[in-house]
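When a ligand or atom number is given, it counts from 1 through the structure's own listing order.
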Amino acid sequence: MSGKRILLIVGGGIAAYKALELARLLRKADVAVRPILTRAGAEFVTPLSLAALCEDKVHGELFSLTDEAEMGHIELSRSADLVVVAPATADLMAKAANGLADDLASTTLLATDKPVLMAPAMNVRMWGHAATRRNLATLQADGVTIVGPDEGPMACGEYGPGRLAEPAAIFQAIMAALAGPAGRPLAGRRALVTAGPTVEPLDPVRVLTNRSSGRQGYAIAEALAALGCEVTLVSGPTALPAPAGVVRVDVETAREMLAACQAALPADVAVCVAAVADWRPEAAGAAKARKADAAPVLKLVENPDILATLSRAQARPKLVVGFAAETHDVEAHAQAKLARKGCDWIVANDVSAPGVMGGETNTVAIVGRGGIERWERASKTDVARRLAARIAEALA
Ligand code: CTP
């Protein structure tokens with residue numbers, strides 16, 4: 001994204017502080033950010049913070065002689081590849097929808113010939129008001145991309161939709177907008193991703209589970225979504241937030257995971273990353289087992305194999321990908337697993353080195369029927385991005 005330019009309009013709302021984090025993410029990705037801070041916005045964040053994070057001068061006044069001499073507002077409105085409004089207040093949305101131009105931000109929005117992305121943030125009742133609904137519909141019809149708002153508790157004490165989308169989600173939407181159609185090769189495709197551990201109850205308070213963090217699966221869901229894919233992430237319990245733009249279905253047991261996967265079909269691709277418990281206790285006790293009782297003997301029964309079931313499903317996704325964490329004979333085991341499970345690729349993962357399970361990096365090989373592709377050690381995010389790109393190629 002190096003060389004791309006954003007004009008970032010920061011409106012007046014309590015969420016304006018999140019625009020600072022957005023600016024930081026954009027600068028980290030080497031995107032140039034030129035900020036406009038509205039008068040109301042300056043009540044919430046200071047021009048100094050915004051200038052420091054954007055590493056550029058903050059523009060604020062329409063009738064500033066100095067600013068107009070340096071760069072007129074018309075030029076400012078066209079000096080970027082994309083205009084981003086975050087937070088987009090009800091007032092800014094209303095002005096933009098109706099073509100009002102009584103300050104620098106609204107004038108710039110009227111004068112620009114560049115695509116516009118807005119991330120609304122306002123009180124839940126303001127968001128639900130008929131006037132805002134009308135303005136939103138007008139803006140969407142005018143081709144403005146809308147990100148969020150999220151639902152949740154609000155600074156004003158109410159609850160509902162109206163919270164600014166998380167900076168990471170706005171950042172992703174900006175990246176997609178800057179990349180254009182070429183950056184969304186999976187648009188119109190559906191993916192199913194399983195992630196995290198499963199949890200099998202022994203009794204109402206005890207469980208059998210494993211150490212999977214869910215990181216690799218979540219990163220894959222996020223990377224697929226970033227390429228425009230509609231993603232359902234079926235996840236066992238993890239400490240991770242749902243990636244932006246991904247529908248997460250929470251499950252605990254392997255049987256729940258299978259049912260959620262089957263409900264998410266049809267899909268173009270399934271990527272099974274979850275560490276599914278191979279066995280579960282034959283019967284989970286209805287009451288808590290007591291220490292005074294004799295030490296229990298666990299009888300385990302086999303869980304359904306989700307990857308194998310999806311590979312042989314009637315509505316089989318065109319591409320089914322499994323993961324295999326192995327400590328030795330990695331590729332031989334992966335090849336055997338490919339045949340046994342009936343999937344198209346196994347992403348074989350060498351976990352013999354300490355710190356890989358639950359860690360940040362992975363060394364993988366893609367084992368398919370046609371051969372093996374060995375990838376060098378990379379962060380789980382990079383492995384995810386590369387795999388998502390390979391999936392896009394395979395589905396093209
Ligand atoms: N998997 C699954 N359902 C299961 C077990 C595994 O969907 N009940 C999937 C995992 O998500 C992973 C792949 O199968 O994509 C391989 O998992 P692994 O545990 O390595 O396979 P197993 O068949 O359990 O083989 P092993 O004998 O090595 O344990």
Side-chain angles (χ1 to χ4, degrees), residues 191-201 207-221 223-224 231-238 240 248-265 267 269-282 300-313 315-317 319-352 356-358 362-369 372 380 383-384 387-388 390-391:
L192 163 64
V193 179
T194 71
T198 62
V199 172
E200 309 291 338
V207 297
L208 275 186
T209 187
N210 60 67
R211 290 186 198 279
S212 167
S213 67
R215 273 202 195 105
Q216 185 65 82
Y218 276 55
I220 289 167
L224 288 167
V231 183
T232 302
L233 172 64
V234 179
S235 174
T238 70
L240 304 171
R248 185 174 74 184
V249 181
D250 292 318
V251 296
E252 293 209 334
T253 66
R255 287 181 294 175
E256 285 168 12
M257 187 171 271
L258 175 62
C261 287
Q262 285 168 326
L265 294 179
V269 55
V271 189
C272 294
V273 199
V276 184
D278 287 327
W279 307 280
R280 66 175 183 277
E282 186 174 36
L300 301 176
V301 293
E302 202 171 324
N303 261 332
D305 190 312
I306 297 164
L307 176 61
T309 310
L310 292 175
S311 296
R312 294 180 180 117
R316 184 194 197 273
L319 185 65
V320 181
V321 183
F323 266 68
E326 308 286 354
T327 51
H328 57 282
D329 300 324
V330 178
E331 289 171 9
H333 277 130
Q335 257 156 349
K337 230 165 248 185
L338 186 77
R340 198 165 72 238
K341 308 249 185 183
C343 57
D344 302 296
W345 303 343
I346 286 279
V347 182
N349 180 8
D350 187 344
V351 293
S352 55
V356 171
M357 284 301 279
N362 236 344
T363 311
V364 305
I366 312 298
V367 180
R369 290 202 186 81
I372 300 178
K380 289 185 176 174
V383 169
L387 184 66
R390 284 286 278 108
I391 289 171

Open item on the list: Once rounded to the nearest 0.5 Å, what's the spacing between atom CD1 of I391 and atom CG of L387?
Closed with: 4.0 Å
What protein heavy atom sits nearest [atom], and how far off is it?
atom                    : answer
atom 10 (C) of ligand 1 : A274 O, 3.4 Å
atom 8 (N) of ligand 1  : P304 O, 2.9 Å
atom 4 (C) of ligand 1  : V276 CB, 3.5 Å

- [ ] Decide side chain to side chain contact (heavy atoms under 4.5 Å, CB included) for V251 and T198; before the verdict, give the C-alpha distance in whole Å, the side-chain angles of both, and the deciding distance to 0.1 Å.
- [x] CA-CA 8 Å; V251 296; T198 62; 5.9 Å; no
Under 3.5 Å: N/O of [X] near N/O of ligand 1:
X    : result
A275 : no
L307 : yes
F323 : yes
G322 : no

Of [options], which has the heavy atom at the shortest distance from [atom]?
atom                    : options          : answer
atom 15 (O) of ligand 1 : C272, A336, A270 : C272
atom 20 (O) of ligand 1 : E302, K337, E326 : K337
atom 19 (O) of ligand 1 : V273, I306, D278 : D278

Task: Contact atoms of ligand 1, heavy-atom distance to R340 under 4.0 Å - done: 23 (O), 25 (O)
- [ ] Please lay out, stage by stage, how K341 and V320 fare under the test side chain to side chain contact (heavy atoms under 4.5 Å, CB included).
- [x] CA-CA 10 Å; K341 308 249 185 183; V320 181; over 6 Å; no
Open item on the list: Using side-chain heavy atoms (C-beta onward) and a distance below 4.5 Å, is F323 in contact with V271?
Closed with: yes
Open item on the list: Ignoring hydrogens and geometry beyond distance, is a side-chain donor-acceptor pair present between N210 and S212 at under 3.5 Å?
Closed with: no
Open item on the list: For a quick check under 3.5 Å, do E200 and N303 share a side-chain donor-acceptor pair by atom type?
Closed with: yes
Task: Location of contacts on K341 toward ligand 1, heavy atoms closer than 4.0 Å - done: side chain
Task: Short N-O contact, R316 and D344, less than 4.0 angstrom - done: yes
Open item on the list: Quick one: does any side-chain atom of T194 pair with a main-chain N or O of A274 as donor and acceptor, under 3.5 Å?
Closed with: yes
